[in-house]
Colleague: 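Sharing a structure, written as structure tokens. Questions coming.
By convention in this document, chain letters (A, B, ...) are assigned in the order of the sequence lines, proteins followed by strands, and residues within each chain are numbered from 1. Please read all numbers here as calculations on a predicted model, not as lab measurements.
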Amino acid sequence: MKTIADDNNSPELNHRRIWQVVSQIPEGKVASYGQVAELAGLPRAARLVGNVLKKLPPDTKLPWHRVINSQGKISFPYNSPGYKRQKALLESEGITLLNDKVVMKYYRWQL
DNA sequence: GTTTTGACTAACT
DNA sequence: AAGTTAGCCAAAA
């Protein structure tokens, strides 16, 4: 018999929570992995957010590219295909990178 | 069960 | 400012 706690902590539900938070990041804004985790009710599970995004299907409508690390940098190896793709997506919605970093002061998503 | 892994972070050099 | 370290925690192996 599944307990309520089990249901509320199932991998599937965690994924759904994260997905839900990411979907709310407005165009032209960014959030850190840690921020997404916290808003998803999973404080300190920043790494989980990355692991979940990693599994997204290539054709997802989720704005995964608006999630970057706490330093304002893209968490793909520098100039890797993923890096370039994310950078292009960010710039396409008006987010400028200075020295390979998003200036969080300007672009951080605030509720 | 235990161990390893990672699209992370804050705190130290 | 840039590199290192230790902590983090859910998933997968």
Colleague: Going by side-chain contact (heavy atoms from CB on, under 4.5 Å), A:K87 matches just one of A:V102, A:I74, A:I95. Which one?
Modeller: A:I74
Colleague: Could you give the distance from CG (A:L56) to CD1 (A:I18), rounded to the nearest 0.5 Å?
Modeller: 10.0 Å
Colleague: Would you find more than 12 non-hydrogen atoms of other residues, nucleotides or ligands less than 6.0 Å from A:K73 atom NZ?
Modeller: no
Colleague: Please collect all ring pair (Phe, Tyr, Trp, His ring centres under 6.0 Å) contacts where either partner lies in residues 79-111 of chain A, sequence neighbours excluded, each pair once.
Modeller: A:Y78-A:Y83
Colleague: Could you report the tightest heavy-atom contact between A:N69 and A:Y33, atom names first, then the distance?
Modeller: N-CE1, 3.6 Å
Colleague: What distance do A:N51 atom CG and A:H15 atom NE2 have between them, rounded to the nearest 0.5 Å?
Modeller: 8.0 Å
Colleague: Name every residue in residues 40-61 of chain A that has at least one heavy atom under 4.0 Å from any atom of DNA chain C, in order of residue number, or write none if there are no such residues.
Modeller: A:R44, A:R47, A:L48, A:K55
Colleague: Among residues 21-33 of chain A, which contact DNA chain B at a heavy-atom distance under 4.0 Å?
Modeller: A:S32, A:Y33
Colleague: Could you state the interatomic distance from NZ (A:K54) to CZ (A:F76), rounded to the nearest 0.5 Å?
Modeller: 10.5 Å
Colleague: Group every Ile, Leu, Val, Met, Phe, Trp and Tyr by side-chain heavy-atom contacts under 4.5 Å, then state whether A:L89 and A:V49 land in the same group.
Modeller: yes
Colleague: Can you tell me how far the CG atom of A:L42 sits from the CG atom of A:N14, to the nearest 0.5 Å?
Modeller: 5.0 Å
Colleague: Distance-only, no hydrogens or angles: does the A:N99 side chain make a donor-acceptor pair with backbone N or O of A:K101 under 3.5 Å?
Modeller: no
Colleague: Reading DNA chain B 5' to 3', which nucleotide is the first, and which the last, to come under 4.0 Å of any heavy atom in chain A?
Modeller: B:dG6 to B:dA10
Colleague: Nearest 0.5 angstrom please: A:Q35 CD to A:Q110 CD, how far?
Modeller: 6.5 Å
Colleague: Are the side chain of A:S23 and the backbone N or O of A:Q20 linked by a donor-acceptor pair below 3.5 Å?
Modeller: yes
Colleague: Taking only heavy atoms on the protein side, list every residue of residues 66-82 of chain A lying under 4.0 Å from any atom of DNA chain B, sorted numerically.
Modeller: A:N69, A:S70, A:S75, A:F76
Colleague: Atom OG1 in A:T96, atom CG in A:L90: separation rounded to 0.5 Å?
Modeller: 10.0 Å
Colleague: List in numerical order all residues of residues 101-111 of chain A for which some heavy atom is under 4.0 Å away from an atom belonging to DNA chain C.
Modeller: none
Colleague: Look only at the side chain of A:E93 and the backbone of A:G28, and say whether a donor-acceptor pair between them is shorter than 3.5 Å.
Modeller: yes
Colleague: Is there a donor-acceptor contact under 3.5 Å from the side chain of A:Q86 to the main chain of A:V67?
Modeller: yes
